2 protein chains.
Amino acid sequence: MLSKNELKYIQSLCQKKQRQAEGLFIAEGTKLAEELLKSHFRIRKIYATANWVPPITPKEPVVTITEAELVRISGLQTPNKVLIIAEQSLKIPKPVLTKGLTLLLDGIQDPGNLGTLIRIADWFGINQVIAGEHTAELYNPKVIQSTMGSFIRVQVTYQPLEEVLLTCKLPVYGALLKGENVNKLMPVRDGLLIIGNESKGIRNELLSYITHPVTIPRIGGAESLNAGVAGGIILSRMIGG
Amino acid sequence: MLSKNELKYIQSLCQKKQRQAEGLFIAEGTKLAEELLKSHFRIRKIYATANWVPPITPKEPVVTITEAELVRISGLQTPNKVLIIAEQSLKIPKPVLTKGLTLLLDGIQDPGNLGTLIRIADWFGINQVIAGEHTAELYNPKVIQSTMGSFIRVQVTYQPLEEVLLTCKLPVYGALLKGENVNKLMPVRDGLLIIGNESKGIRNELLSYITHPVTIPRIGGAESLNAGVAGGIILSRMIGG
């Protein structure tokens with residue numbers, strides 16, 4: 001049973017301001033719950049319907065709620081048995097920029113795109129993502145859900161990208177209109193890939209840092225590709241193999 | 001100025017049932033409006049704020065509305081000057097399955113994913129998409145918006161995929177766990193690519209039709225890739241060049 005205050009409190013965590021003040025975030029659904037419970041994240045509270053079977057016995061008490069109550073606190077179109085409130089991870093190690101691959105996001109504003117890009121990084125074994133200004137907030141529930149759990153494995157830090165690029169000596173890849181055909185790319189062991197904003201692309205201020213412009217050849221009439229899709233296509237070639 | 005009835009009518013078109021009964025759909029924003037006005041689609045009505053500058057003089061009268069009214073009829077988080085009601089295109093030519101590339105969607109349920117896949121097809125010059133059962137409806141406003149106008153150039157038909165596959169003699173590509181490494185794919189001039197459902201993948205019933213299973217090598221911890229991203233990566237290699 002959910003008290004009125006509890007309901008209000010959970011709903012308040014849908015606002016960034018409140019999430020940051022509390023240092024908490026919401027994750028939903030059986031799959032994400034399973035990953036979270038097995039992760040290093042600290043769980044604050046678990047709300048679940050009676051038919052939820054925890055994958056491991058959680059240390060935290062489970063508040064059993066009705067389907068109707070879950071619908072009221074859920075941000076999903078199809079609520080899925082469980083909603084978890086967990087603590088934001090504040091001790092994220094500083095990214096290592098001397099080797100390996102790192103994804104730089106220059107203002108990815110759509111939460112779904114940010115989540116998808118974190119999931120892509122995770123798929124390709126890239127565990128560092130640096131989000132520049134105007135990038136959506138990691139703990140936005142839509143970001144968390146669309147990572148499908150990858151936010152647990154990928155370290156996402158927020159930093160001005162100019163600072164990162166100024167000091168980093170690795171090759172810098174970026175999708176530009178006139179670059180090397182992505183199909184000709186050789187696998188890259190160490191480097192950065194910049195993905196630009198959904199409508200404006202990579203900011204002019206960053207262009208001079210790009211040592212390896214890459215182009216996905218266009219044949220038809222679409223003006224652009226979705227940021228996540230473009231990122232996936234380029235990373236797939238950078239990983240190669 | 002918007003009458004109460006008009007407001008209700010526009011809002012009713014957010015429901016599939018009503019859209020189908022009326023044979024209409026909604027498209028929003030300056031970019032989409034421009035593409036629609038220049039296309040073969042028949043426009044029924046244009047609602048725009050006073051600051052909208054039509055790219056060409058529309059034959060249809062423009063109803064000038066206030067920002068506040070646009071917010072009330074818009075499905076976008078950030079309404080963008082114009083909302084168009086247009087007629088669904090019912091005379092879509094039957095797909096040609098003797099040559100070229102065709103995208104088959106086996107139950108893509110998320111409207112955003114469907115729109116993204118249509119946009120990818122358009123980018124790569126593929127103008128035929130066949131949507132199987134349980135695929136989202138093309139004229140869902142979220143699909144239309146996320147195609148970014150590509151629905152105008154790509155012919156999307158709805159057909160049971162078994163029927164299509166039974167008669168088609170082209171090679172059939174599909175993303176499976178054990179297939180050829182996508183990086184080793186040679187460009188494909190004629191063929192079909194099946195993209196499976198977001199959580200269940202390609203249905204068992206279709207597996208025996210796949211002549212060329214393809215795998216995107218996984219290195220990290222993510223269990224899967226977003227359907228649009230996977231489609232983009234595979235198509236990018238099938239197109240090659």
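Letters A, B, ... are given to chains in the order of the sequence lines, protein chains preceding strands, and every chain is numbered from 1. Model, not experiment: these values are computed from the prediction.
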Between Leu138(B) and Tyr158(B), is there a side-chain heavy-atom distance shorter than 4.5 Å? yes
With a 4.5 angstrom heavy-atom cut-off, which part of Asn226(B) approaches chain A: side chain, backbone, both or neither? both
Measuring only between side-chain heavy atoms, which start at C-beta, is Gln155(A) closer than 4.5 Å to Pro95(A)? no
Interface residues of residues 145-153 of chain B facing chain A - non-hydrogen atoms under 4.5 Å apart: Ser150(B), Arg153(B)
Arg119(A) vs Ser224(B) side-chain heavy atoms within contact, under 4.5 Å: yes
Applying ring pair (Phe, Tyr, Trp, His ring centres under 6.0 Å) as the test, list every pair that has at least one member in residues 109-138 of chain B; sequence neighbours left out. none
Go through the atoms of Glu223(B) and report whether side chain, backbone, both or neither lie under 4.5 Å from a heavy atom of chain A. both
Does a side-chain heavy-atom distance below 4.5 Å link Asp110(A) with Gln77(B)? no
Heavy-atom check, side chain of Val82(A) versus side chain of Ile46(A), under 4.5 Å: yes
Residues 187-203 of chain B vs chain A, non-hydrogen distance cutoff under 4.5 Å, contacting residues -> none
Tested for side-chain contact (heavy atoms from CB on, under 4.5 Å) against Gln128(A), the lone hit among Val96(A), Val154(A), Val156(A), Leu103(A) is Val96(A)
Got more than 12 heavy atoms from elsewhere within 6.0 Å of NZ, Lys142(B)? no
What residue in Gly112(A), Pro217(A), Gly231(A) has the most heavy-atom pairs under 4.5 Å with chain B? Pro217(A)
With a 6.0 Å cut-off (strictly less than), is the heavy-atom count around CG of Leu177(B), excluding the residue itself, greater than 12? no
Identify the heavy atoms of Gly174(B) and Ile210(B) that sit nearest to each other, and give their distance. N-CG2, 3.9 Å
Throw together a table of side-chain donor-acceptor distances under 3.5 angstrom for residues 232-241 of chain B, partners on residues two or more places apart or in other chains.
| unit_1 | atom_1 | unit_2 | atom_2 | d |
| --- | --- | --- | --- | --- |
| Arg237(B) | NH1 | Asn183(A) | OD1 | 2.8 |
| Arg237(B) | NH2 | Asn183(B) | O | 3.3 |

